[in-house]
Amino acid sequence: MAPVSFLDQVNRIFDQAASHTGHNATLLRQIKVCNAVMSVAFPVRRDDGTLEVVEGWRAQHSHHKLPTKGGIRFAPDVQADEVMALAALMSYKCAIVDVPFGGAKGGIRIDASKYSASELERITRRYTFELVRKNFIGPGLDVPAPDYGTSPREMAWIADTYSSLRPGELDALACVTAKPLAQGGIRGRVQATGLGLFYGLREICSDGPLLKSLGLSTGLAGKRVVVQGLGNVGYHAACYIAQGGAVLVGLAEREGAIANSDGLDLEAVMAHRKATGSLLHFPGARNLARTLDALELPCDILVPAALELQITAENAPRIQAKIIAEGANGPTTPEADEILHRRGVMVVPDIYINAGGVTVSYFEWLKNLEHVRFGRMEKRYDEAAFGRLVSAMEGATGKRFSEAERRHLSAGADEEDLVSSGLEETMVTAWQAIRETRGRLGKEIDGRIAAFVLAIDKIAVSYKDLGIFP
Ligand code: NAD
């Protein structure tokens, strides 16, 4: 039997969820299909003078809202099907967190580690040129962001190439997000996905009845957590989770994994890894035989934040966590999903829990269109108003606040404060909507199906507003 592709897997979950919605079959088909795919192949000159043909794709899954939005990955095995699957997940993710975009994803088939910075720059700029030529990029058309193998550096090259091809376009910087700050980026984007994951987990852990049904006490504080992958998502998630009072009992990276049931100090582990080149042999911790073994450690919450397809039918029966928060995209196979659901483990799906990145990318796009930093207009005004309130309180109570208390009470919000606040509101509201959908559908429905149903319902509303679907 041929292996089921990633796209088939996504569509299979879609079909399962769709069967719980009662929407018209043609409308469901319109929501499911990929609306447009562009493929390119272009020659690139390597630093040694040789020529190479590079292939790339950009899929726009859903045009129900524009622009479309999604990352660009540089990976040796990327292909059209994978990009289409990831674009579909972006449509559902944006719908769940009320980000008014359709989903998209791009990919270039290269192993970025085998190319110099100047070669990567030539590839990124040429790919952007192709996107511009085919109308697959623009503030109102399609807005890329980083993904596997790309970073703010590539986003700066994309913004620069786009701007130079569209001279005088006032909103040009809004053509791509997660740019460096000086190129129109936003404060708080780097840590957004990890911080969003923390807000989501904290909200879930505050649900007493849900936690009780999982055999856990209410609250994130004291929960034992294992994190796989200490990159952008995993590191920041671990950082905020630990600040929230949970205990990091296991950490896994490419080279190996470590465990300590009394807790691991994240910053000390990171410093040890920097100094020795490895997580292993961290003082007081136990080395695990295989890095994948970390997923099976005794813990309450597992955060896979490295790669796809980590939790499979093979290891799912041995996973001890009660909650799995999918920091990575697609870390759990559908077979593993079924096993975990049967075993009463709650999987908090990627399309919700790692949506912090696209949420803050949306804020960056808004900032670029507004041409003003969030908080610039009102921060000082608020501080003056709060200051008058503090003085009035002092006058009424006869108590004098210290300088530090006064500063704290009268602080106005800067850009990072507002970004965090918007992200928190988004993650909390979205979880409440998923919980409500799950409650409506019944307990046998898992979190992933509930999240898909919510997304389908929201996209269906946009299409119904067109007046062509029943
Ligand atoms: P990253 O490259 O910054 O981090 C990934 C980390 O995982 C690296 O430190 C890497 O060494 C480690 N890793 C690789 N193989 C491993 C293995 N076998 N075991 C343990 N660790 C391993 O990437 P990222 O941006 O943190 O993305 C991680 C995942 O999260 C991806 O699936 C990505 O699609 C998803 N994601 C990222 C964002 C974002 O904003 N960065 C948003 C949503 C989803």
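Atoms within a ligand are numbered from 1 in the order they appear, just like the ligands themselves. Numbers here are sequence positions counted from 1.
- Identified under the ring-ring contact (aromatic ring centres under 6.0 Å, His included) test for residues 233-277, with sequence neighbours left out: H272-F282.
- Taking the six-membered ring where tryptophan is involved, the planes of H64 and Y463 are tilted, since the angle between them lies from 30° to 60°.
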Exercise. Just do the side-chain hydrogen bond (donor to acceptor under 3.5 Å, both in side chains) check on Q9 and E335 with the steps written out, would you?
Key: CA-CA 10 Å; Q9 286 181 19; E335 295 73 27; 5.5 Å; no
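- Sequence neighbours left out, the pairs with a member in residues 134-149 that pass side-chain hydrogen bond (donor to acceptor under 3.5 Å, both in side chains) are R58-D142, Q60-D142, T68-D142, R73-D147, K105-D147, E130-K134.
- Listed by chain and residue number, the protein contacts of ligand 1 are D147, R189, T193, Q228, G229, L230, G231, N232, V233, A252, E253, R254, A305, A306, L307, G327, A328, N329, N354 (heavy atom within 4.0 angstrom).
- In this view, R343 satisfies the salt bridge (charged side-chain N to carboxylate O under 4.0 Å, His left out) rule with no residue, not counting sequence neighbours.
- Between F363 and F374, the ring planes lie perpendicular to each other; the angle is over 60°, past the 30° to 60° tilted range.
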